[in-house]
Amino acid sequence: MEYTRLGNTGTTVSKLCFGTWRFGKESDGTVETDREEAHDLLDACWDHGINFIDTANVYGDPNGKSERWIGEWLADREDVDREDLVLASKVYFPFDGRGEPGPNDSGLGRKHIRAQIEGTLERLDTDYLDLYYIHRWDEETPIEETMRTLTELVREGKVHYLGASSMAAWKLTKALWKSDAEGLERFDVTQPMFNAADTDDVSDYLDVCADQDIAVCPYSPLAGGFLTGKYEQADDGTVIAPDGARGSLTDLFEDRYTSETAWAVLEAVEGVADEIDAAPAQVSLRWLMEQDRFTCVPIVGARTPEQLAENVGAVDIELSDSQFERIDAARGPEDDGYR
């Protein structure tokens, strides 16, 4: 495993983060990753040197199940010290772990954040979080209240660093300015959806991260599995997915991931993979790791230890400048590019 400093923080993490949003999640009555499978995956993470684990209070059905399973795994593994792990969780969405969410069971107000951090720490069986994200921007709560509450958590030792997930670039900038102006803790890490096939414009958001030395931990780094190369395009433009793949589990897959640009990117990724004897998934992850304007640590959500092992293989390959730029070019014209 390779390790890197997490942006402008003093914490070092593996160059891959393991995401646990599938733990306990039910899709059409089927649990995507059950407790035994979750613990097997966490065992595999540890064996591969992944020390960075990402979860959220709302992961699992009911909410909180992912955090609880991680805490139980850590308690069971006497050879794994809490201090050797970097644990991240999130707050914002309605939380149903206590039953039907009430009027204060969502958002980024002081009451909800305070309640959720206590629940998260209890379920993870830890005294502190290394990283605490706001899962989304709260239009109803002043950002000053949110940042003051999060700052209190840092100063109390319950949280080490703060992170922000998806939002407009101007909102991230506003939050950073408020923190600086009011002497509050600021966001050190972001978690946008960003991958080689993604055609959404996140350049302004990433510009802010680059300028402010904020680490980027993108979710869906393989475009929901599209960049693994297991999907094919039919003559009528629809997606042919293998049984059990994400494309056959959700109707949103084609709209979100499979634009014409995405197919062009996949072709470039597969070409590079053939040249360096690597899997398309490894090339796609390495393309993210080699962003040089900001620290980029992709969050992988492998379903099996075998898939995780393939993902980890991304640390063993390198892309030449021309190979990196070929993938970039397939994404379409950019004024500055992401590298």
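Note that the coordinates shown come from a computational prediction; the quantities given were computed from them, not determined experimentally.
- Between Arg77 and His39 there is no side-chain heavy-atom pair separated by less than 4.5 Å.
- Counting only heavy atoms from C-beta outward, the side chains of Tyr205 and Met167 approach each other to under 4.5 Å.
- For residues 99-113, every residue pair satisfying the salt bridge (charged side-chain N to carboxylate O under 4.0 Å, His left out) rule, not counting sequence neighbours, is listed here: Arg98-Asp105, Arg110-Glu152.
- With respect to Arg303 and Glu37, no salt bridge is recorded, no charged nitrogen being found less than 4.0 Å from a carboxylate O.
- Smallest separation of non-hydrogen atoms from Leu41 and Ala302: CD1-O, 3.7 Å.
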I would like to know whether Asp43 and Trp73 meet side-chain hydrogen bond (donor to acceptor under 3.5 Å, both in side chains); could you show each step before the answer? CA-CA 9 Å; Asp43 285 340; Trp73 171 80; 2.8 Å; yes
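- Grouping the Ile, Leu, Val, Met, Phe, Trp and Tyr side chains by contacts below 4.5 angstrom, directly or via other members, places Trp46 with Tyr3.
- Applying the salt bridge (charged side-chain N to carboxylate O under 4.0 Å, His left out) test to residues at least two apart or on different chains, the pairs with a partner in residues 50-65 are Asp54-Lys90.
- Annotation: ring-ring contact (aromatic ring centres under 6.0 Å, His included) contacts of His48 (sequence neighbours excluded): none.
- The aromatic rings of Trp69 and Phe23 sit tilted relative to each other, their planes meeting at an angle between 30° and 60°.
- Arg5 contributes a side-chain N or O that, together with a main-chain N or O of Gly7, makes up a donor-acceptor pair within less than 3.5 Å.
- Other cluster members for Val189: Leu6, Val13, Phe52, Val86, Leu131, Tyr133, Tyr161, Val297, joined by side-chain heavy-atom distances under 4.5 Å among Ile, Leu, Val, Met, Phe, Trp and Tyr.
- Seen from the ring of Tyr128, Arg82 counts as a face-on cation partner, given the 6.0 Å and 45° thresholds.
- The distance between the ring centers of Trp263 and Phe226 falls below 6.0 angstrom.
- A salt bridge between Glu156 and Arg114 is present, with a side-chain N of the basic residue lying under 4.0 Å from a carboxylate O of the acidic one.
- Donor-acceptor pairing under 3.5 Å is lacking for the side chains of Gln191 and Ser166.
- With 3.5 Å as the limit, one finds a donor-acceptor pair spanning the side chains of Thr20 and Thr55.
- Atom CG of residue Asp321 and atom CZ of residue Arg326 lie 12.0 Å apart, to the nearest 0.5 angstrom.
- A salt bridge is absent between Glu185 and Lys178: the closest approach of a Lys/Arg side-chain nitrogen to an acidic carboxylate oxygen does not fall below 4.0 angstrom.
- Contacts classified as salt bridge (charged side-chain N to carboxylate O under 4.0 Å, His left out) and involving residues 208-228 (residues at least two apart or in different chains) are not found.
- Nearest heavy-atom pair, Ala281 versus Glu310, reported as atom, atom and distance to 0.1 Å: CB-OE1, 3.8 Å.
- Closest approach of Arg331 and Ala197 over heavy atoms only: NH1-N, 4.2 Å.
- With Leu121 as the fixed residue, the side-chain contact (heavy atoms from CB on, under 4.5 Å) test singles out one of Leu129, Val159, Leu87: Leu129.
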Set out, in order, the CA-CA distance, both residues' side-chain angles and the distance that settles side-chain hydrogen bond (donor to acceptor under 3.5 Å, both in side chains) for Thr120 and Asn57, then state yes or no. CA-CA 6 Å; Thr120 285; Asn57 63 332; 5.4 Å; no
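- Residues passing the side chain to side chain donor-acceptor pair (under 3.5 Å) test with Asp84, sequence neighbours excluded: none.
- Counting only N and O atoms by type, the side chains of Glu275 and Gln323 include a donor and acceptor under 3.5 Å apart.
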